Each structure stands twice: as C-alpha cells, then as structure tokens.
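Let me begin by presenting the structure, written as structure tokens, before commenting on it.
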Amino acid sequence: MIRNMKSSSKLDFNELSNNVISRRLCVDCGACVAACPSNVLVYEQGTKLVGECKNCGICTRVCPRYKSLVTEMENFVFGRQRKIEEDFGIFKQVLVARSTNEDILRKSQDGGVVTTLLISALESGLINGAITSRVDPTNPWLPLPSVATTPDELIANAGTRYSPSPGLIALKDCLKAGLDKIAFVGTPCQILAIRRIQKFLPKYAKSLVFTIGLFCAENFSYNGLMISKIQNELGINLNDIKKTNIKGKFLIYLKTGEVQEISLKEAKKFVIPSCQYCGDFSAELADISCGGVGLDGWTYTIIRTDEGSKVFDNAVKGGMLRVESPGESPTKLLVKMSKGKRSRANRLSKDS
Ligand SMILES: Cc1cc2nc3c(=O)[nH]c(=O)nc-3n(C[C@H](O)[C@H](O)[C@H](O)COP(=O)(O)OP(=O)(O)OC[C@H]3O[C@@H](n4cnc5c(N)ncnc54)[C@H](O)[C@@H]3O)c2cc1C
C-alpha cells in the first residue's frame with residue numbers, strides 16, 4: 001500500500017502527511033495526536049500540524065495505516081503469528097452473550113456485552129476508567145471520545161455510532177485525570193493503533209489493562225451519511241433517531257417507532273476511503289472482540305487473551321451476563337466477513 005518509505009527512524013510529520021493523510025488512508029483514530037511528544041499535532045476533523053515538528057518519527061510508528069506490521073503486532077500481543085486457518089484471528093473461546101441488566105439492554109447496540117464488561121471491571125476495581133465514545137451534545141450522532149469513570153456514563157455511551165470517534169486522543173485525558181487502570185473500546189484500526197502505542201511507546205499506554213474491539217465491516221463519514229444523506233436528503237431530524245443498525249441495509253429507528261432504511265449500496269457511497277485497505281473485521285488484536293453478526297439482542301464475543309478471559313469471567317461470576325454457545329450461522333458470517341475484508345485489503349494493497 002505504501003511504497004518507497006524512508007527507512008530512517010527519524011521521520012517527520014510530512015512523511016505521515018504524504019503517505020497517509022494526503023492519500024486518504026487516515027482512519028481518524030487520533031493516535032498520532034495522542035503520541036506526539038512535542039504536542040504539535042491537533043485533531044480538528046483530521047490531524048493538523050500546529051507547531052514545529054521535531055522529526056522524532058513517533059507519529060509514523062503509531063499510525064495504523066503507516067506500514068501494516070500485522071505479523072509484528074500479532075507476535076507482540078499473542079507471542080505468535082496467526083495460522084492461515086484462524087480466519088478471524090487468534091482466540092481462546094467464542095460465545096454469544098447478553099447483559100442481565102435491563103438498563104444496559106435498552107441502550108446497547110446488541111447484547112450490551114461491551115458495556116457490561118466495562119461496568120463489571122469498574123465495579124471490581126480492575127479498571128478506574130474506560131475510553132469509549134459518546135455523542136456530541138450539539139451535533140447529534142457525531143461520536144466523540146469519552147473517558148467514562150462511572151456505570152452511568154458507560155450506559156449513556158452504549159450503542160453504536162457508525163462514524164469515526166478519534167478515541168486515541170483521550171489517552172492524554174486519562175493521564176491528566178490520573179487514571180492508572182483503563183480499558184479501551186474501539187474499532188479494529190483503533191485497536192491496532194493502541195497496540196502500536198503499547199509496543200513502540202509503552203509509557204503512553206502503561207495504564208492500559210485491556211481492550212475491547214468492535215467488529216467492523218466499514219465506517220462512514222458523519223458529514224456524508226448523517227448530514228448529507230439522512231438529515232438533508234431524507235429530511236430526518238437527527239435528534240429524532242433512536243438507533244441505527246446495519247442488517248443487510250442501513251436501518252434508522254426513529255423515536256416514534258417508525259423505521260426508515262437506506263440500501264447498503266447507497267450507504268456505501270459514504271464509507272471512509274481508508275476502510276477498504278483494512279483487512280481486519282473482528283479486531284484481531286483485541287483482548288475481547290464483540291459484534292452483532294446478524295444476531296438479535298445478543299453479542300457475539302471472542303475472547304482472545306488471558307486478560308480477556310479474566311475480564312469476561314469476572315462479569316459472568318457476578319451474574320452480569322447470560323452466556324450461550326454461538327450457533328453455526330453467526331460463526332459462518334464472521335468467517336465470511338473476515339475472509340472478505342482480508343482479501344479485499346490484500347488485493348488493493350498489491351494494486352496500489
Ligand atoms: C463503526 C462501527 C462499525 C461496526 N460494524 C459492525 C459490523 O459490520 N458487523 C458487526 O457484527 N458489528 C459491527 N459493529 C459492532 C456492533 O455495532 C456493536 O458495537 C457490538 O456488537 C457490541 O454490541 P454491544 O451491545 O455489546 O455493545 P454496547 O454495550 O452497546 O457498547 C458499544 C460500545 O461501543 C462504543 N462505540 C459506539 N460507537 C463507537 C464508534 N464509532 N467508535 C468507537 N466506539 C464506539 C460505545 O461507546 C460503547 O462503549 C460496528 C461498530 C462500530 C462502532
């Protein structure tokens with residue numbers, strides 16, 4: 001995907017700008033902003049240089065789209081490379097689960113597993129905060145990073161917003177707030193970014209206890225999908241939307257009970273360009289990965305690491321989750337989505 005990159009570790013922001021941002025490969029994760037030791041990068045609908053770059057090259061080390069480093073990162077997280085037959089990455093256990101808390105279920109996207117795991121970890125002292133995503137109070141459905149430190153905040157942040165939330169920039173907020181045990185929730189590209197920070201700049205991620213990755217076929221431009229299409233073209237007031245979901249179509253559930261839909265073909269016009277270069281559907285580097293994959297009210301859950309098992313078992317022991325074996329069909333869909341996304345990314349990388 002990126003050719004002729006400089007080999008020196010002393011790279012400047014131009015290297016990132018020319019190879020990632022200008023080529024529309026940026027995923028809006030905010031990792032470069034979070035990691036810049038000179039604090040000369042800011043995130044304002046994209047990364048901007050606002051001071052003198054000291055050529056440290058750290059922004060390129062943490063960017064999930066600057067060199068792929070998949071094997072290196074698998075070795076870092078799991079101590080080995082993914083085998084070819086491990087279609088959706090290395091894992092210890094797969095299951096489907098659902099929260100036992102009605103408040104969580106009312107607000108969550110699928111089975112509320114993500115929010116339940118975070119609350120359970122918070123209440124048992126495994127963490128004292130979590131980087132999740134909230135909605136901008138002045139721009140409905142615009143996701144913003146959020147450092148949640150209470151169960152109420154975690155419940156308020158539950159549900160899915162299908163636009164990028166630059167979660168990595170909240171790492172600095174956690175440090176400032178003195179949080180020393182945090183969880184991080186994000187899409188596969190964001191999980192890759194935080195793993196790169198963990199590997200290349202460990203002091204910035206020393207408070208990270210575990211990560212929860214969200215399955216992701218693709219992400220959508222907020223201005224394109226939510227503003228141009230849904231608000232301006234369909235005439236839907238974004239404040240009237242209760243939930244959006246993708247089940248073969250882009251579904252818009254209104255607070256009135258009415259459901260409007262956009263064909264997936266139409267919605268895909270607003271996909272973030274960099275998503276087509278991403279080969280990771282199920283957040284293969286996370287401690288736990290969660291997705292809906294066609295389920296109704298349950299979350300497909302992949303436990304990948306010992307830390308993930310500890311967090312999940314803690315919630316089950318506390319009676320906070322109902323757990324079942326996944327049926328054949330969601331696993332088949334997971335395999336299909338994973339293979340499809342990986343092969344599209346490989347193909348495009350070779351072509352570019
Ligand atoms: C952009 C995006 C695309 C997705 N695509 C798929 C898909 O193709 N197939 C599939 O099976 N599942 C997909 N998911 C995952 C799915 O929507 C649910 O997040 C997952 O099933 C967990 O459900 P839950 O009820 O357990 O989570 P909940 O308990 O509802 O918690 C969800 C968590 O996600 C956080 N969050 C919400 N929006 C964002 C965002 N934009 N960026 C980062 N964090 C966010 C919330 O703050 C909350 O912490 C996608 C999620 C996102 C954010």
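Note that this is a predicted model, so its numbers are computed, not measured. Just so you know, ligand 1 is whichever comes first in the structure, and atom 1 is the first atom listed for that ligand.
- Every side chain to side chain contact (heavy atoms under 4.5 Å, CB included) that F250 has, sequence neighbours left out, goes to Y162, L225, I230, T244, I246, I252, I262, A267.
- In terms of heavy-atom proximity, A193 sits nearest to A31 at CB-CB, 3.8 Å.
- When each atom of ligand 1 is checked for a heavy atom of D110 under 4.0 Å away, the hits are 16 (C), 18 (C), 20 (C), 21 (O), 23 (O), 24 (P), 25 (O).
- Across L154, L142, T160, heavy-atom proximity to atom 19 (O) of ligand 1 is greatest for T160.
- Ligand 1 has an N or O atom lying under 3.5 Å from an N or O atom of F215, backbone or side chain.
- Among S165, G159, G167, the residue whose heavy atom lies closest to atom 36 (N) of ligand 1 is G159.
- With a 4.0 Å heavy-atom cut-off, ligand 1 is reached by the side chain of T299 but not by its N, CA, C or O.
- Below 3.5 Å of separation, one finds an N or O of S163 facing an N or O of ligand 1.
- Considering backbone and side-chain atoms alike, G112 places an N or O below 3.5 Å from some N or O of ligand 1.
- Below 4.0 Å from some heavy atom of V113 lie the following atoms of ligand 1, by number and element: 24 (P), 26 (O).
- Ion pair R80/E86 flagged as a salt bridge, since at least one NZ, NE, NH1 or NH2 atom sits closer than 4.0 Å to an Asp/Glu carboxylate oxygen.
- At a threshold of 4.0 Å, the pair K92-D306 counts as salt-bridged, since one of the basic side-chain nitrogens sits closer than that to a carboxylate oxygen.
- Of all atoms in ligand 1, numbered sequentially from 1 with element shown, those under 4.0 Å from a heavy atom of C216 are 3 (C), 4 (C), 5 (N), 6 (C).
- The only option from P143, S146, C29 that meets the side-chain contact (heavy atoms from CB on, under 4.5 Å) definition with S165 turns out to be P143.
- At a threshold of 4.0 Å, the pair E218-K268 counts as salt-bridged, since one of the basic side-chain nitrogens sits closer than that to a carboxylate oxygen.
- With a 4.0 Å heavy-atom cut-off, ligand 1 is reached by no atom of F220.
- Under the 6.0 Å cut-off for aromatic ring centres, F270 and F220 do not qualify, their centroids lying 6.0 Å or more apart.
- Summarising the contacts of atom 49 (O) of ligand 1 with L333, L117, D28, T132, the nearest heavy atom is found in T132.
- Every N/O-N/O distance between E218 and ligand 1 stays at or above 3.5 Å.
- At under 3.5 Å, not a single nitrogen or oxygen of R134, backbone or side chain, sits near a nitrogen or oxygen of ligand 1.
- In terms of polar-atom proximity, defined here as any N/O pair under 3.5 Å, A158 makes no such contact with ligand 1.
- For the 3.5 Å distance criterion, the side chains of N19 and E15 qualify, holding a donor opposite an acceptor.
- Here's the thing with G186: none of its N/O atoms is less than 3.5 angstrom from an N/O atom of ligand 1.
- Some N or O of S133 is nearer than 3.5 Å to an N or O of ligand 1, by distance alone.
- Listed by atom number, the atoms of ligand 1 under 4.0 Å from F281 heavy atoms are 7 (C), 8 (O), 9 (N).
- Annotation: cation-pi geometry not satisfied between R304 and F91 (NZ/CZ under 6.0 angstrom from ring centroid, within 45° of ring axis).
- Near G111, meaning under 4.0 Å from one of its heavy atoms, ligand 1 places the atoms 25 (O).
- Taking distance alone, with nitrogen or oxygen atoms compared against 3.5 Å, V114 approaches ligand 1 more closely than that limit.
- Short contacts between ligand 1 and S108, defined as distances under 4.0 Å to a heavy atom of the residue, involve ligand atoms 25 (O), 28 (P), 29 (O), 30 (O).
- One side chain, D28 or Y43, offers a donor N or O that lies under 3.5 Å from an acceptor on the other.
- Of the polar atoms of T115, at least one N or O is found under 3.5 Å from an N or O of ligand 1, judged by distance alone.
- Here is the list of ligand 1 atoms found below 4.0 Å of a heavy atom in A217: 5 (N), 7 (C), 8 (O).
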